[in-house]
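Only one structure is covered here, and it is reproduced in the block below.
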Amino acid sequence: MSAHTHPRSPQQGAGGVDFKLPWWGVALPAIAFFALLALVIGSGDAHAVSGDGTVAHLVDRIQHSLSR
């Protein structure tokens with residue numbers, strides 16, 4: 001059984017690359033880039049959340065035991 005092949009278009013033979021990109025293929029990466037850029041720029045006002053001190057106490061005890 002032989003398979004039918006599609007004939008080549010003359011544009012492909014000229015050496016140029018021809019492809020079609022959907023609109024969301026450009027829009028989504030651009031939106032993601034600007035959202036991450038806004039997060040990086042706006043992080044100058046960020047402050048650490050003060051917890052109950054459990055983690056700080058644990059880290060302090062680990063440092064104390066390692067310094068011995």
Side-chain angles (χ1 to χ4, degrees):
M1 222 181 194
S2 63
H4 297 287
T5 59
H6 297 287
R8 290 183 170 238
S9 66
Q11 292 176 350
Q12 290 177 347
V17 177
D18 185 29
F19 64 92
K20 293 182 181 180
L21 189 64
W23 65 269
W24 50 265
V26 175
L28 290 180
I31 291 170
F33 173 77
F34 286 115
L36 290 174
L37 185 64
L39 286 174
V40 169
I41 290 173
S43 66
D45 297 332
H47 300 286
V49 176
S50 60
D52 58 358
T54 305
V55 176
H57 181 68
L58 178 65
V59 170
D60 186 40
R61 290 193 48 116
I62 291 171
Q63 286 178 345
H64 182 68
S65 65
L66 289 176
S67 65
R68 290 186 189 180

Can you name the residues that form a side chain to side chain contact (heavy atoms under 4.5 Å, CB included) with [X], not counting sequence neighbours?
X: I62; answer: L58, L66
X: V26; answer: L21
X: W24; answer: P22, L28

- Under the side chain to side chain donor-acceptor pair (under 3.5 Å) test, which residues partner H57, sequence neighbours left out? none
- Task: Would you mind listing the cluster partners of L36? Hydrophobic ones only (ILVMFWY), side-chain contacts under 4.5 Å, chaining allowed.
- Result: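 Traced through the cluster, L36 reaches L39.
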